[in-house]
Amino acid sequence: MKKNFLTLSLFCLVIFCTTAFSACKNFSIESLPYLVAGEFVMEADSDNYSVCGLNFQFYNQSVKQVKEISVAFFLFDKDGEPARECSNRINLEIESRIEAGDSLKKCISLDRFMNQFPEEALYVDYLYVSRIEYEDGSLWEDPFGLTAFK
């Protein structure tokens with residue numbers, strides 16, 4: 001009985017490891033269709049926002065034209081604690097045609113996510129693209145940001 005349990009446990013472990021490692025290949029850095037960067041900004045007299053914004057950069061390294069992207073990130077204070085001034089996790093939908101090999105640079109207002117004025121700058125962390133919709137109707141998705149840790 002004990003031998004059967006150990007054999008079954010070993011079999012399940014082998015299946016789990018095989019599945020986990022083969023799934024990781026789908027999210028390797030070499031296969032990413034984008035590069036992304038973002039920085040929290042809070043400057044007086046901005047034309048893009050009233051309270052604060054995100055200086056956002058996206059580079060399309062796929063061979064397809066992008067129609068829309070979904071971006072997710074978290075905001076933290078200087079001590080690494082979740083920001084109290086806003087919803088900590090922020091999701092943005094950005095409609096913009098981005099040709100293969102081109103980039104998008106824009107300042108995006110975060111005003112609608114704030115519930116009070118930040119006393120000091122916040123920090124963007126765990127920024128990732130969760131979905132890319134291409135002009136041809138195809139989709140690339142990484143809903144949990146698995147590529148952000150690579």
Side-chain angles (χ1 to χ4, degrees), residues 5-43 46 48-49 51-116 118 120-150:
F5 177 73
L6 290 175
T7 303
L8 181 61
S9 297
L10 182 60
F11 176 74
C12 289
L13 181 62
V14 168
I15 295 297
F16 172 77
C17 290
T18 303
T19 305
F21 290 125
S22 65
C24 288
K25 287 184 176 183
N26 294 331
F27 291 108
S28 68
I29 290 295
E30 294 81 26
S31 69
L32 275 180
Y34 70 90
L35 297 173
V36 69
E39 179 183 19
F40 182 86
V41 287
M42 190 172 68
E43 300 168 358
S46 172
N48 298 310
Y49 55 84
V51 178
C52 59
L54 175 74
N55 275 342
F56 178 75
Q57 291 180 275
F58 174 90
Y59 175 71
N60 179 8
Q61 58 183 23
S62 76
V63 296
K64 301 177 185 181
Q65 183 183 41
V66 170
K67 179 180 178 183
E68 180 178 284
I69 58 177
S70 299
V71 178
F73 60 93
F74 294 83
L75 291 175
F76 294 90
D77 66 17
K78 67 179 180 182
D79 298 322
E81 296 295 321
R84 293 183 317 227
E85 295 86 355
C86 62
S87 166
N88 182 260
R89 181 171 185 216
I90 296 177
N91 294 301
L92 300 171
E93 302 289 325
I94 302 169
E95 279 190 50
S96 185
R97 288 185 177 204
I98 309 163
E99 296 291 330
D102 276 351
S103 61
L104 168 72
K105 293 181 183 179
K106 72 186 292 186
C107 185
I108 302 167
S109 175
L110 299 179
D111 294 349
R112 65 185 172 160
F113 299 101
M114 295 300 183
N115 54 25
Q116 66 186 37
E120 54 190 31
L122 300 174
Y123 298 93
V124 174
D125 194 20
Y126 197 52
L127 171 67
Y128 65 94
V129 174
S130 58
R131 186 175 151 276
I132 301 173
E133 182 179 342
Y134 295 100
E135 285 292 333
D136 68 3
S138 62
L139 291 176
W140 179 91
E141 294 182 292
D142 180 15
F144 304 110
L146 297 177
T147 56
F149 282 121
K150 299 283 180 190

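Each residue takes its place number in the sequence, starting with 1.
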In terms of heavy-atom contacts, Tyr34 and Val129 come closest through OH-N, 3.4 Å
Pairwise distance CG(Leu104) to CG(Asn60) - rounded to 0.5 angstrom: 10.5 Å
Atom CD of Glu93 with >12 non-hydrogen neighbours under 6.0 angstrom: yes
Those residues that, when tested against Lys64, pass salt bridge (Lys or Arg N to Asp or Glu O under 4.0 Å) (two or more places apart): Asp136
Please identify each residue that fulfils salt bridge (Lys or Arg N to Asp or Glu O under 4.0 Å) with Asp79, with sequence neighbours left out. none
Quick check: closest heavy atoms across Asn48 and Cys107, and the distance to 0.1 Å? ND2-CB, 3.4 Å
For Glu43, what residues pass the salt bridge (Lys or Arg N to Asp or Glu O under 4.0 Å) criterion, not counting sequence neighbours? none
Please list, chain by chain and in numerical order, all residues satisfying side chain to side chain donor-acceptor pair (under 3.5 Å) with Gln116, sequence neighbours excluded. none
Set of ring pair (Phe, Tyr, Trp, His ring centres under 6.0 Å) partners for Phe74, sequence neighbours left out: Tyr126
Residues which pass side chain to side chain donor-acceptor pair (under 3.5 Å) with Glu39, listed by chain and number, not counting sequence neighbours: none
Could you tell me which non-hydrogen atom of Arg89 sits nearest to which non-hydrogen atom of Pro143, and how far apart they are? NH2-O, 4.2 Å
To the nearest 0.5 Å, how far apart are CG in Leu54 and CD1 in Ile108? 5.5 Å
Does some side-chain heavy atom of Phe58 sit less than 4.5 Å from a side-chain heavy atom of Ser103? no
Shortest non-hydrogen contact from Asp142 toward Tyr128: O-CE1, 3.7 Å
With sequence neighbours left out, the residues meeting salt bridge (Lys or Arg N to Asp or Glu O under 4.0 Å) with Glu68 are Arg131
Sequence neighbours excluded, the answer for side chain to side chain donor-acceptor pair (under 3.5 Å) partners of Arg97 is Glu135
Under the side-chain contact (heavy atoms from CB on, under 4.5 Å) test, residues paired with Ala83 that sit two or more places apart: Leu75, Glu85, Cys86, Leu122
Got a sec, which residues hit side-chain contact (heavy atoms from CB on, under 4.5 Å) with Asp111, two or more places apart in sequence or on another chain? Tyr49, Ser50, Val51, Ser109
Flag side-chain contact, heavy atom, 4.5 Å: Ser46 against Val41: no
If we only count heavy atoms from C-beta on, is the Gln61 to Leu32 side-chain gap below 4.5 Å? yes
Is there a side-chain contact between Trp140 and Ser62, using heavy atoms and a 4.5 Å cut-off? no
All heavy atoms of Ala121 vs all of Phe40, minimum pair found to be CA-CE2, 3.8 Å
Taking side-chain contact (heavy atoms from CB on, under 4.5 Å) as the test, write out the residues that go with Lys78, two or more places apart. Glu120, Tyr123
From Asp102 CG over to Tyr59 OH, what is the distance, rounded to the nearest 0.5 angstrom? 8.0 Å
For Ser130, all residues meeting side chain to side chain donor-acceptor pair (under 3.5 Å), sequence neighbours excluded: none
